[in-house]
Amino acid sequence: MMTMAMLVTLIVPAGAAGIFNGKAGFGKVGVEVYDQVKAAPGASMTAANGEKVPVTITYTDAKGGTTNYIAVKKVAELFDMSQSPKWDGEKNCVNFFPVVKTTGVIELKPGEKAPANLPEGTVTVTHGKTSELEAIREKEFMSLPTAPKLGISAGPIREVNVSQVDNTNLGYSLKNARFESDTGVSETFFCPAGKYALLTIKNESSCEIECQVMRPYTVGSGGQEFTRVRIPVGQTLERAFYCSPGAGEFQQTLAVGLRTMKDGAITKVLISAETTR
């Protein structure tokens, strides 16, 4: 049976019923991604109101042709979107990646923190001397730990103790790769399903650097972050990660970002990234 996958919302706008002459069936087909079943035929998911709803709908037209539809919430999950689509009631549309509109501006003094629970879209503006802001930034930077907190998960990937990795059974994706940049360094590496990844970074810069590891979203910006840490001058940092066996193909990438504490300083690092075979 030839089918065409389309993205639809399970909300049917008023007045739409009766336009089509075919019949709809619920959960007749499943969903596969890279030959792996992600939703079996008949599978359901839980809506925001707690009700069970079908993952797929099959529409059979008057001539017997079929078209399969997948709930947008499930599509966002399957393809690792940074945010789920939202319902725009004013335009009667499903909105992918809605733009956050500015709702207000709050002015802050150097060192002053924004109030908690600000409305979405609030812009904060800080006024003060550059030297004061640099001092604040340096204080915040030096408060970062030099070792990550273990056990934090980003999707199917969890940061673990380096001792858990069998370093006799590793293959390199980066081996002693040296990077220099005045805007920071950013690289990606893989942590395959059911395996470990070992990240090693040596700070060859003239000052301390910040290390941020995250699991970037496949579609959209940003990602799920692990602990931010700082690496002292001349020191080497090792971090280890484990990816659960059931992780999807879109969830096995990690990204590391490195930058110096001081503006204008050159970020100089030596990086190795390895995974268990």
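Quick caveat: nothing in here was measured; it's all calculated off a predicted structure.
Residues passing the salt bridge (Lys or Arg N to Asp or Glu O under 4.0 Å) test with R158: none are found, sequence neighbours excluded.
In terms of heavy-atom proximity, A265 sits nearest to T260 at O-OG1, 3.4 Å. Here the closest non-hydrogen pair linking K52 and T46 is NZ-OG1, 3.1 Å. Taking every heavy atom of both residues into account, A76 and P85 meet most closely at CB-CD, 3.6 Å. Contact detail for A114 and L108: the closest heavy-atom pair is N-CD1, 3.9 Å. In terms of heavy atoms, V233 sits closest to S205 at CG1-O, 3.4 Å. Nearest heavy atoms, T267 versus G184: OG1-CA, 3.8 Å.
Between the side chain of D61 and the backbone N or O of G65, at least one donor-acceptor pair lies under 3.5 Å. At distances below 3.5 Å, not a single donor-acceptor pair connects side-chain atoms of Q36 with backbone N or O atoms of V33. Proximity of a side-chain donor or acceptor of N95 to a complementary backbone N or O of W87 within less than 3.5 Å is not detected. Remark: side-chain polar atoms of S153 are not paired, donor with acceptor, to backbone N or O of G155 under 3.5 angstrom. At least one donor-acceptor pair closer than 3.5 Å links the side chain of E112 to the backbone N or O of K109. Between the side chain of E159 and the backbone N or O of G151, no donor-acceptor pair lies under 3.5 Å.
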Applying ring-ring contact (aromatic ring centres under 6.0 Å, His included), run through F226 and F241 and close with a yes or a no. CA-CA 10 Å; F226 295 93; F241 305 88; 5.0 Å; yes

Quick one, M261 with M142, criterion side chain to side chain contact (heavy atoms under 4.5 Å, CB included). Give me CA distance, side-chain angles, the key distance, then yes/no. CA-CA 9 Å; M261 182 187 69; M142 294 306 294; 4.1 Å; yes

Check the pair N176 / S272 against side chain to side chain donor-acceptor pair (under 3.5 Å), numbers first and verdict last. CA-CA 5 Å; N176 294 328; S272 290; 3.3 Å; yes

Test side chain to side chain contact (heavy atoms under 4.5 Å, CB included) on F96 and M81; report intermediate values, then the result. CA-CA 10 Å; F96 285 85; M81 293 185 181; 3.9 Å; yes

D182 and R259: salt bridge (Lys or Arg N to Asp or Glu O under 4.0 Å), yes or no, with the steps? CA-CA 9 Å; D182 59 359; R259 66 185 182 94; over 6 Å; no

Please walk me through it: do T56 and K28 pass side chain to side chain donor-acceptor pair (under 3.5 Å)? CA-CA 7 Å; T56 63; K28 288 188 174 182; over 6 Å; no

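The existence of a salt bridge linking K195 and D166 is excluded, since no basic side-chain nitrogen approaches an acidic carboxylate oxygen closer than 4.0 Å. Comment: E210 does not engage R230 in a salt bridge, judged by the lack of any side-chain N to carboxylate O separation of less than 4.0 angstrom.
A continuous path of ILVMFWY side-chain contacts below 4.5 Å connects L258 to F189, so both sit in one hydrophobic cluster. V165 and L199 fall into different hydrophobic clusters, where Ile, Leu, Val, Met, Phe, Trp and Tyr are joined by side-chain heavy atoms under 4.5 Å apart, directly or via other members. If you chain together hydrophobic residues whose side chains sit under 4.5 Å apart, Y172 and L270 never meet in one group. Taking hydrophobic clusters as Ile, Leu, Val, Met, Phe, Trp and Tyr residues chained together by side-chain heavy-atom distances below 4.5 Å, F190 does not share a cluster with Y34. Linking ILVMFWY side-chain heavy atoms closer than 4.5 Å, directly or via other members, places L170 and V160 in a single hydrophobic cluster.
Here CD of Q164 is found 8.0 Å from CG of L150. Values are rounded to the nearest 0.5 Å. A distance of 13.0 Å separates CE of M45 from CD of E51, quoted to the nearest 0.5 Å. Rounded to the nearest 0.5 angstrom, L237 CG and T200 OG1 are separated by 8.0 Å. Put simply, SG on C191 and CD1 on I157 are 5.0 Å apart, with the number rounded to the nearest 0.5 Å. The line from CD1 of I266 to CD of E204 is 13.5 Å long, rounded to the nearest 0.5 Å. A distance of 6.0 Å separates CD1 of I231 from CG of N203, quoted to the nearest 0.5 Å.
Put simply, the side chain of V31 reaches to within 4.5 Å of the side chain of L78, judged on heavy atoms. Contact of the R239 side chain with the V213 side chain is registered, since non-hydrogen atoms from C-beta on lie closer than 4.5 Å. Between I209 and V269, some side-chain heavy-atom pair lies under the 4.5 Å cut-off. Annotation: side chain of Q224 is in contact with side chain of Y217 (closest heavy-atom distance under 4.5 Å). Side-chain contact between L118 and I106: present, with at least one pair of heavy atoms (C-beta onward) separated by less than 4.5 Å. The side-chain heavy atoms of L198 and V162, taken from C-beta on, include a pair separated by under 4.5 Å. V53 is not listed as a side-chain neighbour of S44, based on a closest heavy-atom distance of 4.5 Å or more. Residues V29 and P41 have side chains not in contact (no heavy-atom distance under 4.5 Å, counting atoms from C-beta outward).
Judged purely by distance below 3.5 Å, without hydrogens or angles, the side chains of T58 and N68 pair a donor atom with an acceptor atom. E208 and Q235 share no donor-acceptor pair across their side chains, judged by distance under 3.5 Å alone.
Annotation: K38, atom NZ; neighbour count of heavy atoms from other residues, nucleotides and ligands within 6.0 Å is above 12. Residue D35 places its CG atom among 12 or fewer non-hydrogen atoms of other residues, nucleotides or ligands, all under 6.0 Å distant.
Ring geometry for F250 versus F79: interplanar angle of 30 to 60°, hence tilted.
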